[in-house]
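Counting convention: from 1, in listed order, for ligands and their atoms alike.
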Amino acid sequence: MSLAEEINKRRTFGIISHPDAGKTTLTEKLLLFGGAIQSAGAVKSNKIKKTATSDFMEIEKQRGISVATSVMAFNYKGTKINILDTPGHKDFAEDTYRTLTAVDSVIMVIDCANGVEAQTKKLMEVCRMRNTPVIVFINKMDREGKDAFDLLDEIETTLDIKVRPLSWPIGIGSSFQGVYNMYDKHLNLFDSNKTKIENDVIAIESINDKALDENIGTEEAEKLREDIELVEGVYDGFDVKNYTEGNLAPVFFGSALNNFGIQELLDTFIDIAPFPRSRETNVKVINPTDEKFTGFVFKIHANLDPKHRDRIAFLRICSGKFERNKFYQHVRIDKKVRFSNPTSFMAQDKSVIEEAFPGDVIGLYDTGNFKIGDTLTEGEKLEFQGIPSFSPEIFKELINMDPMKTKQLEKGIQQLTDEGVAQLFIQQPGNRKIIGTVGELQFEVIQYRLKHEYGASADFQAKNFHKACWMTSDDDAKIEEFIRRKAQYIAKDKDENYVFLAQTKFLLQSAEGDYPEITFHTTSEFKTDAT
Ligand code: G4P
């Protein structure tokens, strides 16, 4: 098969949702439809429950589970589908944001009763940063929930994206009868038989077809006709280009738990979802069809066994063909590296692969050479853009509790932050280490892992910072002046960029007022904007 054919048959995407909307259930059902698993219950949730925060074995176990479910690939109707798993727990949001840099599109699951929730909003903001195409799946239609029009309004206003329903629900909760598929013009009747995977569909010639009345009753058929007329009047027709450019989200309704609406979703997905897309580097745009191999690391997982310090780096292939045992350029450290056991992840199985293509994600064993965002090439010196750091929300200073183990602590914190567990900022004088995270859970994970994997003992002292801001200006002198004047609130990030650790929202605003020449960014993504 040619490189172009390999690329055309791949779809790499992530499923995102607010916790409990049904991401795990939908993932499992997609695998079931794809024939990748035989029974429900095979995909373990990688949710870290709030109650488990102090149960470290649980955290370890959960980490193990998320290694196994980080990538799930399967073949469906001649398409190779790669699902990249994203942690639902908000304390691991950074991990999700980074995973979203490695997908070409997303399916967003929304609970029909809760509508758009806090995490949904944040994740959508990340998708917007790189115009990632989004398909919306409104789940749990077997339960009482909000009116469909209200839900669509809510999505449009709170997520700032245009929507276009491609299926329409007939009733909801106890009166839910199924959906009318506007894309393929058929009626899909709901049957709460969870063991049945495929739904019977009834072809409908037009919305005036009498078959509608026969199947769902005259009253419901009339209501559906009114709804569809309104939908056609209010929403623009579906345009694939608008979707692939990230401006329009097609919407489906269903119930993942009841296997309902999944096949429609999957069939439409393989029809419209983009195949591996071009990506920007600091030098040029890389097209998947470029003959030379390139890829980047978006996730690193530590080995669960502390006696083996190796890790798995997850590499997204962006162009060309990756081959086992071939030497590639590790751009950041300027070294040739090769991999004798690169692995692929097919549903639940991990196996050594000989080759992989754009869109694929492979696991590379790593003894500490990789950092998140690292690029591999066939020799070209380029780096992929857009693996942003986001401002953490909680800041604490790392306190060394065992001076005899200083070296271990240094190494441990360096490696854990390279893995992306948390962000590390260094403050002067005294090389003080400020750890920034989005959740409290990370501090427990860090403390536990420093102890068990590195033998170091650490504690944390809370720091009263509101945001870490990266700075840009056309006037370097202004930045230098600001850094001098605010020295006690300045630190350097992992890439030696200066950041301003603003104590409060008010102090950030007054810095912006005092230094209009400087732009303060709460993500490091501006580096992409600049190219
Ligand atoms: P998440 O990964 O997004 O956090 O959600 P998950 O799939 O774990 O689903 C959260 C809860 O919602 C689960 O119930 C799941 O069974 C339920 N659920 C998912 N899809 C549907 C649906 O279409 N209809 C209904 N009625 N429920 C749905 P749970 O009680 O929290 O867990 P479990 O004990 O059932 O696993």
Side-chain angles (χ1 to χ4, degrees), residues 13-33 37 39-53 58 61-63 65-66 68-72 83-93 95-96 99-100 106-124 127 134-146 148 151 167 169-179 188-199 251-266 439 441:
F13 76 107
I15 303 181
I16 55 178
S17 75
H18 189 86
D20 276 344
K23 182 173 73 72
T24 311
T25 314
L26 179 64
T27 307
E28 176 170 280
K29 296 304 164 79
L30 291 175
L31 294 179
L32 209 56
F33 270 89
I37 55 170
S39 64
V43 177
K44 301 279 185 315
S45 162
N46 73 355
K47 277 188 283 184
I48 294 181
K49 301 229 160 68
K50 222 34 246 136
T51 50
T53 48
E58 191 58 23
K61 216 166 75 199
Q62 300 281 7
R63 278 178 47 219
I65 290 165
S66 55
T69 59
S70 280
V71 189
M72 288 159 283
I83 307 182
L84 306 197
D85 193 32
T86 54
H89 195 290
K90 82 166 188 21
D91 287 9
F92 288 85
D95 205 12
T96 300
T99 299
L100 291 181
V106 304
I107 293 180
M108 177 179 281
V109 187
I110 290 178
D111 181 324
C112 71
N114 298 340
V116 175
E117 297 175 82
Q119 276 295 98
T120 333
K121 266 197 216 163
K122 283 205 166 174
L123 292 165
M124 187 64 208
C127 291
V134 178
I135 295 181
V136 174
F137 182 74
I138 299 187
N139 192 28
K140 306 196 186 179
M141 291 301 291
D142 58 316
R143 285 215 190 139
E144 300 307 324
K146 298 186 182 178
L151 277 167
S167 73
I170 304 161
I172 189 166
S174 53
S175 66
F176 183 56
Q177 294 208 51
V179 295
N188 187 357
L189 293 180
F190 179 60
D191 172 356
S192 65
N193 178 356
K194 299 186 183 82
T195 51
K196 197 165 141 193
I197 358 184
E198 293 197 18
N199 304 119
V251 179
F252 289 89
F253 294 83
S255 166
L257 189 65
N258 293 289
N259 303 324
F260 186 78
I262 313 291
Q263 186 162 25
E264 273 166 326
L265 176 71
L266 193 53
L441 190 52

Per-atom filter on ligand 1: closer than 4.0 angstrom to a heavy atom of L257 are 16 (O), 20 (N), 21 (C), 22 (C), 23 (O), 24 (N), 25 (C), 27 (N), 28 (C)

Value for OG1 (T96) from NZ (K122), rounded to nearest 0.5 Å, stands at 11.5 Å

Across all chains, not counting sequence neighbours, the side-chain hydrogen bond (donor to acceptor under 3.5 Å, both in side chains) partners of E144 are S174

Quick note on ligand 1: atoms under 4.0 Å from a heavy atom of P19 include exactly 4 (O)

Under 4.0 Å from one or more heavy atoms of K23, ligand 1 contributes atoms 1 (P), 2 (O), 3 (O), 5 (O), 7 (O)

Heavy atoms of V251 and I138 approach each other most closely as CG1-CD1, 3.8 Å

- Query: N/O of G22 under 3.5 Å from N/O of ligand 1, yes or no?
  - Reply: yes

side-chain contact (heavy atoms from CB on, under 4.5 Å) with K140: of I172, N114, D111, only one passes, and it is D111

S255 meets the side-chain hydrogen bond (donor to acceptor under 3.5 Å, both in side chains) criterion, sequence neighbours left out, with D142, N258

| field | Ring geometry between F176 and F190 (parallel below 30°, tilted from 30 to 60°, perpendicular above 60°) | value | tilted

Any heavy atom of N139 under 4.0 Å from ligand 1? The part involved is side chain

For S17, the atoms of ligand 1 under 4.0 Å from one of its heavy atoms are 3 (O)

The atoms of ligand 1 lying under 4.0 Å from a heavy atom of D20, numbered in the order shown, are 1 (P), 3 (O), 4 (O), 5 (O), 10 (C), 12 (O)

Within-cut-off N or O pair, D142 and ligand 1, under 3.5 Å: yes

Q) Is a side-chain N or O of K23 found less than 3.5 angstrom from the main chain of T86, in a donor-acceptor match? A) yes

For A256, the ligand 1 atoms with a heavy-atom partner under 4.0 Å come out as 23 (O)

Note: ligand 1 atoms sitting under 4.0 Å from heavy atoms of R143 are 26 (N), 27 (N)

Donor-acceptor pair, side chain of K29 and main chain of A256, under 3.5 angstrom
yes

Here the atoms of ligand 1 under 4.0 Å from any heavy atom belonging to S255 are 22 (C), 23 (O), 24 (N)

